[in-house]
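Worksheet: the structure to be examined is printed underneath.
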Protein chains: 2
Amino acid sequence: MSKQEQDTLEGLAAQLGCYSPLVREPLSGEQAGELSRLFKAMGDPVRLRLLSLIASHAGGEACVCDLTEVFDLSAPTISHHLKVLREAGLITGERRATWVYYRIEPDVLEALAAVLVPAAPDTVPDGLNTTRPEARRELPVVEA
Amino acid sequence: MSKQEQDTLEGLAAQLGCYSPLVREPLSGEQAGELSRLFKAMGDPVRLRLLSLIASHAGGEACVCDLTEVFDLSAPTISHHLKVLREAGLITGERRATWVYYRIEPDVLEALAAVLVPAAPDTVPDGLNTTRPEARRELPVVEA
DNA sequence: GGCTTGTATCGAGGTCAGTCTAATCAGCCC
DNA sequence: GGGCTGATTAGACTGACCTCGATACAAGCC
(Lines give C-alpha, C1' and ligand atoms only; values in the text may rest on other atoms or scores of the structure.)
Protein backbone atom coordinates (compact mmCIF):
# COMPACT_ATOMS: atom_id res chain seq x y z
CA MET A 1 0.00 0.00 0.00
CA SER A 2 1.14 3.51 -0.73
CA LYS A 3 2.08 5.99 1.98
CA GLN A 4 -0.93 8.07 1.07
CA GLU A 5 -3.29 5.14 1.41
CA GLN A 6 -1.82 4.38 4.81
CA ASP A 7 -2.37 7.95 5.97
CA THR A 8 -5.96 7.87 4.77
CA LEU A 9 -6.56 4.57 6.46
CA GLU A 10 -5.24 5.54 9.83
CA GLY A 11 -7.74 8.35 10.16
CA LEU A 12 -10.68 6.52 8.69
CA ALA A 13 -11.89 4.52 11.64
CA ALA A 14 -11.46 7.43 14.03
CA GLN A 15 -13.29 9.66 11.63
CA LEU A 16 -16.15 7.24 11.27
CA GLY A 17 -16.27 6.87 15.01
CA CYS A 18 -17.19 10.53 15.14
CA TYR A 19 -20.31 10.01 13.10
CA SER A 20 -23.55 9.91 14.97
CA PRO A 21 -25.75 6.97 14.20
CA LEU A 22 -27.78 7.31 11.06
CA VAL A 23 -31.01 7.47 13.01
CA ARG A 24 -29.99 10.19 15.42
CA GLU A 25 -29.54 13.13 13.09
CA PRO A 26 -29.33 13.82 9.37
CA LEU A 27 -25.98 13.14 7.76
CA SER A 28 -24.15 16.00 6.15
CA GLY A 29 -23.33 15.74 2.49
CA GLU A 30 -19.71 15.13 3.36
CA GLN A 31 -20.46 12.37 5.83
CA ALA A 32 -22.85 10.72 3.42
CA GLY A 33 -20.21 10.83 0.72
CA GLU A 34 -17.62 9.06 2.82
CA LEU A 35 -19.98 6.47 4.22
CA SER A 36 -21.47 5.76 0.82
CA ARG A 37 -18.01 5.00 -0.56
CA LEU A 38 -17.64 2.29 2.06
CA PHE A 39 -21.11 0.86 1.53
CA LYS A 40 -20.64 0.96 -2.22
CA ALA A 41 -17.43 -1.03 -1.83
CA MET A 42 -19.45 -3.65 0.03
CA GLY A 43 -22.30 -3.48 -2.44
CA ASP A 44 -20.96 -6.28 -4.58
CA PRO A 45 -21.38 -9.95 -3.73
CA VAL A 46 -17.86 -10.85 -4.80
CA ARG A 47 -16.32 -8.15 -2.64
CA LEU A 48 -18.49 -9.11 0.30
CA ARG A 49 -17.36 -12.71 0.02
CA LEU A 50 -13.75 -11.60 -0.34
CA LEU A 51 -14.10 -9.54 2.81
CA SER A 52 -15.64 -12.45 4.63
CA LEU A 53 -13.05 -14.91 3.35
CA ILE A 54 -10.20 -12.66 4.46
CA ALA A 55 -11.76 -11.89 7.82
CA SER A 56 -12.59 -15.48 8.68
CA HIS A 57 -9.39 -16.99 7.36
CA ALA A 58 -7.02 -18.63 9.79
CA GLY A 59 -4.54 -16.11 11.14
CA GLY A 60 -6.72 -13.20 10.15
CA GLU A 61 -5.12 -12.90 6.76
CA ALA A 62 -5.48 -14.59 3.41
CA CYS A 63 -3.23 -14.97 0.39
CA VAL A 64 -4.60 -13.82 -2.93
CA CYS A 65 -4.05 -17.31 -4.29
CA ASP A 66 -6.46 -18.65 -1.65
CA LEU A 67 -9.09 -16.15 -2.69
CA THR A 68 -8.82 -16.57 -6.44
CA GLU A 69 -9.58 -20.26 -6.46
CA VAL A 70 -12.90 -19.83 -4.66
CA PHE A 71 -14.44 -17.82 -7.47
CA ASP A 72 -15.06 -18.61 -11.10
CA LEU A 73 -13.44 -15.33 -12.07
CA SER A 74 -10.13 -14.35 -13.58
CA ALA A 75 -7.24 -13.29 -11.36
CA PRO A 76 -7.29 -9.71 -12.65
CA THR A 77 -10.94 -9.41 -11.70
CA ILE A 78 -10.24 -10.58 -8.16
CA SER A 79 -7.33 -8.19 -8.04
CA HIS A 80 -9.61 -5.39 -9.13
CA HIS A 81 -12.11 -6.11 -6.37
CA LEU A 82 -9.33 -6.30 -3.80
CA LYS A 83 -8.14 -2.92 -4.98
CA VAL A 84 -11.60 -1.46 -4.48
CA LEU A 85 -11.77 -2.84 -0.96
CA ARG A 86 -8.24 -1.61 -0.28
CA GLU A 87 -8.91 1.91 -1.55
CA ALA A 88 -12.08 2.04 0.52
CA GLY A 89 -9.96 1.34 3.59
CA LEU A 90 -11.64 -1.95 4.44
CA ILE A 91 -8.55 -4.13 3.95
CA THR A 92 -4.79 -3.80 3.78
CA GLY A 93 -2.39 -5.77 1.66
CA GLU A 94 1.19 -6.76 2.29
CA ARG A 95 3.65 -8.54 0.05
CA ARG A 96 5.75 -11.25 1.67
CA ALA A 97 8.14 -12.92 -0.72
CA THR A 98 6.15 -14.20 -3.66
CA TRP A 99 2.72 -13.85 -2.13
CA VAL A 100 0.49 -10.95 -1.16
CA TYR A 101 -1.54 -11.26 2.01
CA TYR A 102 -4.64 -9.27 2.84
CA ARG A 103 -6.23 -8.62 6.21
CA ILE A 104 -9.27 -6.63 7.22
CA GLU A 105 -9.40 -3.38 9.17
CA PRO A 106 -11.75 -4.39 12.00
CA ASP A 107 -11.99 -0.85 13.33
CA VAL A 108 -13.56 0.37 10.10
CA LEU A 109 -16.12 -2.45 10.14
CA GLU A 110 -16.99 -1.73 13.75
CA ALA A 111 -17.31 1.98 13.12
CA LEU A 112 -19.57 1.22 10.19
CA ALA A 113 -21.72 -1.01 12.37
CA ALA A 114 -21.92 1.72 14.98
CA VAL A 115 -23.32 4.11 12.40
CA LEU A 116 -26.19 1.75 11.63
CA VAL A 117 -27.62 1.42 15.11
CA PRO A 118 -28.71 3.85 17.80
CA ALA A 119 -25.43 3.24 19.56
CA ALA A 120 -24.89 3.48 23.27
CA PRO A 121 -23.70 6.91 24.39
CA ASP A 122 -20.15 5.75 25.15
CA THR A 123 -19.76 4.53 21.58
CA VAL A 124 -20.38 7.98 20.24
CA PRO A 125 -19.21 10.51 22.81
CA ASP A 126 -21.04 13.80 22.64
CA GLY A 127 -17.81 15.69 22.37
CA LEU A 128 -16.87 13.83 19.22
CA ASN A 129 -20.07 13.61 17.27
CA THR A 130 -21.19 15.87 14.49
CA THR A 131 -23.59 18.19 16.22
CA ARG A 132 -21.11 20.96 15.59
CA PRO A 133 -22.92 23.42 13.35
CA GLU A 134 -20.00 23.84 10.97
CA ALA A 135 -20.06 20.13 10.25
CA ARG A 136 -23.69 20.20 9.23
CA ARG A 137 -23.86 23.33 7.20
CA GLU A 138 -24.73 21.49 4.01
CA LEU A 139 -27.84 19.88 5.36
CA PRO A 140 -30.70 22.09 6.54
CA VAL A 141 -32.69 20.71 9.41
CA VAL A 142 -36.05 19.58 8.18
CA GLU A 143 -38.88 20.21 10.59
CA ALA A 144 -42.39 18.86 10.16
CA MET B 1 -46.31 -1.09 -0.87
CA SER B 2 -47.38 -4.22 -2.66
CA LYS B 3 -48.36 -7.38 -0.86
CA GLN B 4 -45.30 -9.09 -2.25
CA GLU B 5 -42.98 -6.39 -1.00
CA GLN B 6 -44.56 -6.70 2.43
CA ASP B 7 -43.99 -10.43 2.50
CA THR B 8 -40.38 -9.99 1.50
CA LEU B 9 -39.86 -7.34 4.10
CA GLU B 10 -41.25 -9.28 7.00
CA GLY B 11 -38.75 -12.06 6.51
CA LEU B 12 -35.78 -9.88 5.76
CA ALA B 13 -34.68 -8.87 9.21
CA ALA B 14 -35.17 -12.35 10.59
CA GLN B 15 -33.25 -13.79 7.71
CA LEU B 16 -30.39 -11.36 8.17
CA GLY B 17 -30.39 -12.17 11.84
CA CYS B 18 -29.44 -15.69 10.90
CA TYR B 19 -26.27 -14.59 9.21
CA SER B 20 -23.09 -15.07 11.12
CA PRO B 21 -20.88 -12.04 11.33
CA LEU B 22 -18.76 -11.43 8.33
CA VAL B 23 -15.60 -12.20 10.24
CA ARG B 24 -16.67 -15.53 11.69
CA GLU B 25 -17.03 -17.62 8.58
CA PRO B 26 -17.14 -17.16 4.81
CA LEU B 27 -20.44 -15.99 3.39
CA SER B 28 -22.21 -18.23 0.94
CA GLY B 29 -22.91 -16.85 -2.50
CA GLU B 30 -26.56 -16.52 -1.61
CA GLN B 31 -25.90 -14.63 1.60
CA ALA B 32 -23.45 -12.35 -0.13
CA GLY B 33 -26.01 -11.63 -2.82
CA GLU B 34 -28.67 -10.54 -0.38
CA LEU B 35 -26.36 -8.52 1.81
CA SER B 36 -24.78 -6.82 -1.17
CA ARG B 37 -28.20 -5.67 -2.37
CA LEU B 38 -28.65 -3.86 0.93
CA PHE B 39 -25.18 -2.36 0.97
CA LYS B 40 -25.54 -1.33 -2.66
CA ALA B 41 -28.74 0.48 -1.81
CA MET B 42 -26.81 2.40 0.83
CA GLY B 43 -23.88 2.95 -1.50
CA ASP B 44 -25.19 6.27 -2.76
CA PRO B 45 -24.79 9.51 -0.81
CA VAL B 46 -28.28 10.71 -1.68
CA ARG B 47 -29.88 7.50 -0.48
CA LEU B 48 -27.80 7.51 2.69
CA ARG B 49 -28.93 11.03 3.46
CA LEU B 50 -32.52 10.11 2.66
CA LEU B 51 -32.26 7.19 5.05
CA SER B 52 -30.79 9.41 7.71
CA LEU B 53 -33.36 12.15 7.16
CA ILE B 54 -36.21 9.70 7.45
CA ALA B 55 -34.76 7.92 10.47
CA SER B 56 -33.96 11.07 12.39
CA HIS B 57 -37.13 12.95 11.49
CA ALA B 58 -39.57 13.80 14.24
CA GLY B 59 -42.07 10.99 14.69
CA GLY B 60 -39.85 8.48 12.94
CA GLU B 61 -41.35 9.25 9.57
CA ALA B 62 -40.91 11.87 6.91
CA CYS B 63 -43.05 13.17 4.07
CA VAL B 64 -41.58 13.07 0.59
CA CYS B 65 -42.10 16.81 0.36
CA ASP B 66 -39.77 17.25 3.34
CA LEU B 67 -37.11 15.18 1.65
CA THR B 68 -37.26 16.71 -1.79
CA GLU B 69 -36.51 20.23 -0.67
CA VAL B 70 -33.23 19.24 1.02
CA PHE B 71 -31.60 18.17 -2.24
CA ASP B 72 -30.85 20.00 -5.42
CA LEU B 73 -32.43 17.18 -7.40
CA SER B 74 -35.68 16.73 -9.28
CA ALA B 75 -38.65 15.06 -7.62
CA PRO B 76 -38.51 12.03 -9.94
CA THR B 77 -34.90 11.45 -8.92
CA ILE B 78 -35.77 11.50 -5.23
CA SER B 79 -38.70 9.22 -5.93
CA HIS B 80 -36.36 6.85 -7.70
CA HIS B 81 -33.95 6.70 -4.77
CA LEU B 82 -36.81 6.14 -2.35
CA LYS B 83 -37.96 3.27 -4.52
CA VAL B 84 -34.50 1.70 -4.39
CA LEU B 85 -34.46 1.96 -0.60
CA ARG B 86 -37.99 0.60 -0.45
CA GLU B 87 -37.26 -2.37 -2.69
CA ALA B 88 -34.16 -3.14 -0.65
CA GLY B 89 -36.39 -3.39 2.43
CA LEU B 90 -34.73 -0.51 4.27
CA ILE B 91 -37.80 1.72 4.36
CA THR B 92 -41.55 1.46 3.98
CA GLY B 93 -43.91 4.01 2.48
CA GLU B 94 -47.51 4.76 3.30
CA ARG B 95 -49.91 7.14 1.61
CA ARG B 96 -52.07 9.23 3.92
CA ALA B 97 -54.37 11.55 2.04
CA THR B 98 -52.29 13.65 -0.33
CA TRP B 99 -48.91 12.86 1.14
CA VAL B 100 -46.71 9.78 1.29
CA TYR B 101 -44.78 9.13 4.47
CA TYR B 102 -41.70 6.97 4.74
CA ARG B 103 -40.22 5.32 7.80
CA ILE B 104 -37.21 3.09 8.24
CA GLU B 105 -37.11 -0.59 9.15
CA PRO B 106 -34.87 -0.48 12.22
CA ASP B 107 -34.65 -4.26 12.43
CA VAL B 108 -32.97 -4.45 9.05
CA LEU B 109 -30.43 -1.80 10.00
CA GLU B 110 -29.67 -3.56 13.26
CA ALA B 111 -29.31 -6.91 11.55
CA LEU B 112 -26.98 -5.32 9.06
CA ALA B 113 -24.89 -3.86 11.86
CA ALA B 114 -24.76 -7.26 13.55
CA VAL B 115 -23.27 -8.77 10.42
CA LEU B 116 -20.40 -6.30 10.47
CA VAL B 117 -19.08 -7.02 13.94
CA PRO B 118 -18.05 -10.17 15.80
CA ALA B 119 -21.38 -10.13 17.58
CA ALA B 120 -21.99 -11.46 21.04
CA PRO B 121 -23.17 -15.08 21.07
CA ASP B 122 -26.72 -14.18 22.05
CA THR B 123 -27.05 -11.95 19.00
CA VAL B 124 -26.38 -14.86 16.68
CA PRO B 125 -27.54 -18.05 18.35
CA ASP B 126 -25.68 -21.12 17.18
CA GLY B 127 -28.90 -22.82 16.29
CA LEU B 128 -29.82 -20.08 13.89
CA ASN B 129 -26.59 -19.29 12.11
CA THR B 130 -25.48 -20.61 8.79
CA THR B 131 -23.17 -23.39 9.76
CA ARG B 132 -25.66 -25.80 8.25
CA PRO B 133 -23.80 -27.55 5.42
CA GLU B 134 -26.63 -27.08 2.94
CA ALA B 135 -26.44 -23.35 3.43
CA ARG B 136 -22.76 -23.18 2.57
CA ARG B 137 -22.52 -25.58 -0.29
CA GLU B 138 -21.57 -22.88 -2.76
CA LEU B 139 -18.49 -21.76 -0.91
CA PRO B 140 -15.63 -24.21 -0.42
CA VAL B 141 -13.75 -23.76 2.80
CA VAL B 142 -10.36 -22.29 2.12
CA GLU B 143 -7.65 -23.61 4.37
CA ALA B 144 -4.15 -22.23 4.58
C1' DG C 1 -66.70 17.47 -13.49
C1' DG C 2 -62.31 20.36 -14.04
C1' DC C 3 -58.13 22.30 -11.62
C1' DT C 4 -54.21 22.11 -8.49
C1' DT C 5 -50.80 19.83 -5.83
C1' DG C 6 -48.07 15.86 -4.51
C1' DT C 7 -45.80 11.33 -6.17
C1' DA C 8 -44.70 7.87 -9.19
C1' DT C 9 -43.54 5.85 -13.66
C1' DC C 10 -41.53 6.01 -18.45
C1' DG C 11 -38.02 6.62 -21.71
C1' DA C 12 -33.61 8.59 -22.90
C1' DG C 13 -29.02 10.53 -22.06
C1' DG C 14 -24.51 10.14 -20.26
C1' DT C 15 -21.50 8.08 -16.95
C1' DC C 16 -19.75 4.44 -14.05
C1' DA C 17 -18.75 -0.39 -12.78
C1' DG C 18 -17.61 -5.45 -13.63
C1' DT C 19 -15.35 -8.50 -16.54
C1' DC C 20 -12.19 -10.12 -19.83
C1' DT C 21 -7.52 -10.68 -22.55
C1' DA C 22 -2.98 -9.08 -23.09
C1' DA C 23 0.84 -7.12 -21.19
C1' DT C 24 3.72 -5.73 -17.18
C1' DC C 25 5.90 -5.91 -12.66
C1' DA C 26 7.96 -8.58 -8.36
C1' DG C 27 10.35 -12.33 -6.42
C1' DC C 28 12.23 -16.78 -6.46
C1' DC C 29 15.17 -20.63 -8.44
C1' DC C 30 18.25 -22.73 -11.92
C1' DG D 1 20.88 -13.57 -16.53
C1' DG D 2 16.77 -16.47 -18.04
C1' DG D 3 12.77 -18.58 -16.90
C1' DC D 4 8.90 -19.41 -13.79
C1' DT D 5 5.07 -18.25 -10.75
C1' DG D 6 2.16 -14.87 -8.43
C1' DA D 7 -0.11 -10.51 -8.71
C1' DT D 8 -1.23 -6.14 -10.74
C1' DT D 9 -2.05 -2.80 -14.50
C1' DA D 10 -3.88 -1.30 -19.11
C1' DG D 11 -7.35 -1.15 -22.40
C1' DA D 12 -11.82 -2.45 -24.25
C1' DC D 13 -16.43 -4.01 -24.07
C1' DT D 14 -20.90 -4.63 -22.01
C1' DG D 15 -24.40 -3.74 -18.81
C1' DA D 16 -26.09 -1.19 -14.94
C1' DC D 17 -26.91 3.12 -12.68
C1' DC D 18 -28.06 8.24 -11.96
C1' DT D 19 -30.35 11.91 -13.68
C1' DC D 20 -33.60 14.38 -16.25
C1' DG D 21 -38.08 16.01 -18.76
C1' DA D 22 -42.45 14.41 -19.96
C1' DT D 23 -46.22 11.95 -18.65
C1' DA D 24 -49.53 9.50 -15.66
C1' DC D 25 -51.82 8.67 -11.36
C1' DA D 26 -54.01 10.04 -6.68
C1' DA D 27 -56.27 13.03 -3.69
C1' DG D 28 -58.31 17.25 -2.38
C1' DC D 29 -60.67 21.67 -3.70
C1' DC D 30 -63.44 24.87 -6.69
Side-chain angles (χ1 to χ4, degrees), chain A residues 1-2 4-5 29 32-33 36-51 53-54 57 61-88 90-103 142 144, chain B residues 1-2 4-5 29 32-33 36-51 53-54 57 61-88 90-103 142 144:
Chain A
M1 141 168 38
S2 71
Q4 186 179 357
E5 280 182 20
S36 68
R37 282 193 309 104
L38 287 165
F39 285 126
K40 184 180 293 184
M42 301 203 302
D44 181 280
V46 173
R47 286 198 288 269
L48 222 38
R49 290 179 70 186
L50 283 171
L51 207 56
L53 280 166
I54 295 169
H57 201 269
E61 63 181 14
C63 171
V64 177
C65 55
D66 295 329
L67 303 172
T68 305
E69 64 191 14
V70 174
F71 301 90
D72 193 21
L73 295 169
S74 68
T77 298
I78 299 298
S79 190
H80 161 72
H81 285 303
L82 289 170
K83 183 180 181 181
V84 173
L85 290 171
R86 203 175 55 221
E87 290 181 340
L90 288 163
I91 60 174
T92 57
E94 181 195 2
R95 165 158 242 137
R96 286 206 295 276
T98 306
W99 297 275
V100 176
Y101 294 87
Y102 281 97
R103 53 175 60 238
V142 178
Chain B
M1 138 165 46
S2 70
Q4 186 179 359
E5 280 182 18
S36 68
R37 283 193 308 106
L38 287 165
F39 285 127
K40 184 181 291 183
M42 303 204 302
D44 181 281
V46 173
R47 285 197 289 269
L48 222 38
R49 290 180 69 186
L50 283 171
L51 207 56
L53 280 167
I54 295 168
H57 200 270
E61 61 182 15
C63 172
V64 176
C65 56
D66 295 329
L67 304 172
T68 305
E69 63 191 12
V70 175
F71 300 89
D72 193 22
L73 293 170
S74 68
T77 298
I78 299 298
S79 189
H80 160 74
H81 285 303
L82 288 170
K83 183 180 181 182
V84 173
L85 290 171
R86 203 176 54 221
E87 290 181 339
L90 288 163
I91 60 175
T92 56
E94 181 193 2
R95 166 158 243 137
R96 286 207 293 277
T98 305
W99 297 275
V100 176
Y101 294 87
Y102 281 97
R103 54 174 61 237
V142 179

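Chain letters run A, B, ... following the sequence lines, proteins first, then strands; residues in each count from 1.
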In whole angstroms, the gap separating C1' of D:dC25 from NZ of B:Lys83 amounts to 14 Å
Students should find that the nucleotides of DNA chain C closing off the region near chain A, any atom under 4.0 angstrom from a heavy atom, are C:dG18 to C:dC28
From CD of A:Glu87 across to C1' of D:dT8 the rounded distance in Å is 12 Å
At under 4.0 Å between heavy atoms, what does B:Tyr102 touch on the DNA or RNA strands: base, sugar-phosphate, or nothing?
sugar-phosphate
Between CD1 of A:Ile54 and P of D:dA7 the distance, given in whole Å, is 12 Å
Report task. Please examine the side chains of B:Val46 and B:Thr77, heavy atoms only from C-beta on, and report whether any two atoms are closer than 4.5 Å. Result -> no
dist A:Leu53:CG -> A:Asp66:CG (nearest 0.5 Å) comes out at 9.0 Å
Letter by letter from the 5' end, nucleotides 18-24 of chain D scores (B base, S sugar-phosphate only, - none; protein heavy atoms under 4.0 Å) SBBBB--
Does B:Ser79 reach the main-chain N or O of B:Ala75 with its side chain, forming a donor-acceptor pair under 3.5 Å?
no
Rounded to the nearest 0.5 Å, the CD atom of B:Glu94 sits from the CZ atom of B:Arg103 at a distance of 7.5 Å
Across all chains, not counting sequence neighbours, the side chain to side chain contact (heavy atoms under 4.5 Å, CB included) partners of A:Pro76 are A:Ser74
The reported gap from CG in A:Leu50 to CG in A:Leu90 (rounded to nearest 0.5 angstrom) is 11.5 Å
The side chain to side chain donor-acceptor pair (under 3.5 Å) partners of A:His81 (sequence neighbours excluded) come to A:Arg47
To the nearest 0.5 Å, atom OH of A:Tyr101 lies from atom NE2 of A:His57 at 9.5 Å
When rounded to the nearest 0.5 Å, the distance separating CD1 of A:Ile91 from CD1 of A:Ile54 is 4.5 Å
Side chain to side chain contact (heavy atoms under 4.5 Å, CB included) filter on A:Arg95, not counting sequence neighbours, yields A:Val100
Short N/O separations, protein against nucleotides 26-30 of chain D, under 3.5 angstrom:
none

